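The block underneath contains the structure these notes are about, expressed in structure tokens.
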Amino acid sequence: MQRKEMGMLLLLASVWGASFLFMRIASPALGPFFTTEVRVGLAGAVLLLYAALRGRMPKLRERWKAYLIVGGINAALPFTLICAAELHLNASLAAILNATTPLFTALVVWASTQERPGRGKAVGLILGVLGVAILVGWSPLPLDGPNLLAIAFSLLAALCYGIGTTYAGRAFRGVPPLEVAIGQQLGAAVLLLPLALYHFPKSAPSAPVVWSLLGLSLLCTAVAYLIFYRLVERVGAVKTVTVTFLVPIFGIIWGVLFLKEEIHATTLIGLAVILGSLLLVNQIALPWPSRLKRLRASKKERMEQP
């Protein structure tokens, strides 16, 4: 991975990490349904305009049922669940819990293919459960009904992503990624519209809420998808998926900087255990160690030259 692609990866992680900050600000003021409806509707419209300007208008009618399904499972439901969870959880904790998505994705794939996980992957799953237990059980957060429900919502959202990603990989083979992104957002917008209208805000939002909603829609969804698919084209899906390890880190950073959230030692321990479990489950070779080795080897060669 070259310097430019590494920069794109960090930008994508920082943008997706900021989504938890924006949801934490917007959702309490506008409600989970309305926040998510604006997010997917505006993002879908912007991506559709981008496709039109590039001469790549998607053929949404041919697969409209599939787009409604993936829009519901992979956008409408998880986005709304996270917004509901962040009515009680801080942005940092929500970001870390969302990092369990690859664990749920692996479980869904194994269940659907009846493939038995190897020893390393099984250990990774156990570590993932342990990481969540450390994060939640040793947290100073009161484990009362609303907070436990919020934690369940966050984990359920991660499960939805796992199911949605697996479904999309099978239902949209050969379909341009941009078309899938547009169809998913617009499908989610159609499904959420009745609920968003029913829960329409009763008062005008403040400026921070409006800016958060725009950032969530334009930066964290529309622009983020364009960066994501560009990275997949440049370096492949395996290297791009390493963004999973960076998103919760940026989620913590933004929460501390802008919301003055407190970070405890158990939070960092839980995050480290969860990220370690992802390495085992997905058997990902991170690009940074190999890049460092190449840099050291190059430096050694220059020193050895007469």
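In this text, all values refer to a predicted model and were calculated from it rather than measured experimentally.
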Whether Ser154 side chain and Ala150 backbone form a donor-acceptor pair below 3.5 Å: yes

Gln184/Tyr225 under side chain to side chain contact (heavy atoms under 4.5 Å, CB included): CA gap, chis, key distance, verdict: CA-CA 11 Å; Gln184 174 178 295; Tyr225 270 109; 2.8 Å; yes

Residue pair Arg56 / Pro176, side-chain heavy-atom distance below 4.5 Å: no

Verdict with supporting geometry, Leu125 and Ser277, side chain to side chain contact (heavy atoms under 4.5 Å, CB included): CA-CA 6 Å; Leu125 287 174; Ser277 73; over 6 Å; no

Derivation and outcome, side chain to side chain contact (heavy atoms under 4.5 Å, CB included), residues Phe22 and Thr35: CA-CA 10 Å; Phe22 293 144; Thr35 299; over 6 Å; no

Separation between CG of Leu178 and CE of Met57, rounded to the nearest 0.5 Å: 10.5 Å

Side-chain H-bond candidate by donor/acceptor type, Ser217 with Arg39, under 3.5 Å: no

Thr267 side chain vs Ile263 backbone, donor-acceptor pair below 3.5 Å: no

For Leu231, the option from Leu12, Val243, Leu226 that meets side-chain contact (heavy atoms from CB on, under 4.5 Å): Leu12

Atom pair CD1/SG of Ile73 and Cys160 - distance to nearest 0.5 Å: 7.5 Å

Check: Phe250 ring centre within less than 6.0 Å of Phe20 ring centre: no

Minimum heavy-atom distance Val209-Ala29, with the two atoms named: CG2-CB, 3.7 Å

Leu155 side chain near Leu159 side chain, heavy-atom distance below 4.5 Å: no

CG-OG distance between Asn98 and Ser19, expressed to the nearest 0.5 angstrom: 7.5 Å

Audit row: Leu278, Phe245, side chain to side chain contact (heavy atoms under 4.5 Å, CB included) steps and yes/no: CA-CA 8 Å; Leu278 299 186; Phe245 297 87; 3.8 Å; yes

side-chain contact (heavy atoms from CB on, under 4.5 Å), paired with Ile96, selected from Leu275, Leu89, Ile274, Val247: Ile274

Side-chain (Glu5) to main-chain (Val235) donor-acceptor, under 3.5 angstrom: no

Basic-acidic side-chain contact under 4.0 Å: Arg63, Glu179: yes

Output field: ring centroids Tyr161/Phe104 closer than 6.0 Å: no

Straight-line distance of Leu149 CG to His88 NE2, nearest 0.5 Å: 7.0 Å

Side chain to side chain, Leu30 and Pro205, heavy atoms closer than 4.5 Å: yes

Joint hydrophobic cluster, Leu81 plus Phe79, side-chain heavy atoms closer than 4.5 Å: yes

Euclidean distance, Leu60 CG relative to Leu186 CG, rounded to 0.5 Å: 6.5 Å

Heavy-atom pair of closest approach, residues Ala99 and Thr244: O-CG2, 4.2 Å

Cluster link Leu107 to Ile126, ILVMFWY, side chain under 4.5 Å: no

Exam field: side chain Thr221 to backbone Leu216, donor-acceptor pair closer than 3.5 Å: yes

Minimal non-hydrogen separation, Ala181 against Tyr229, with atom names: CB-CE1, 3.8 Å

Atom pair SG/CZ of Cys83 and Phe33 - distance to nearest 0.5 Å: 10.0 Å

Nearest non-hydrogen partners of Ser92 and Gly251, listed with the distance: OG-O, 4.0 Å

Ring geometry between Phe228 and Trp16 (parallel below 30°, tilted from 30 to 60°, perpendicular above 60°): tilted

Donor-acceptor pair, side chain of Ser112 and main chain of Val109, under 3.5 angstrom: yes

Within-4.5 Å side-chain heavy-atom neighbours: Thr36 and Leu195: no

Least distance between heavy atoms, Leu87 atom then Pro32 atom: CD1-CG, 4.1 Å

Heavy-atom side-chain contact between Leu259 and Asn90 under 4.5 Å: no

Trp254 side-chain N/O to Gly17 backbone N/O, donor-acceptor pair under 3.5 Å: no

Hydrophobic cluster identity match, Leu257 and Leu93, side-chain contacts under 4.5 Å: yes

Sole candidate of Thr100, Thr105, Thr101 that passes side-chain contact (heavy atoms from CB on, under 4.5 Å) when paired with Leu103: Thr100

Check: Pro142 main-chain N/O paired with Asn147 side-chain donor or acceptor under 3.5 Å: yes

Considering all heavy atoms, the nearest Ala188-Gly71 contact: CB-O, 3.3 Å

hydrophobic_cluster_shared for Leu77 and Tyr167, side chain cutoff 4.5 Å: yes

Short N-O contact, Glu86 and Arg24, less than 4.0 angstrom: no

Leu21-Leu218 co-clustered via ILVMFWY side chain contacts under 4.5 Å: no

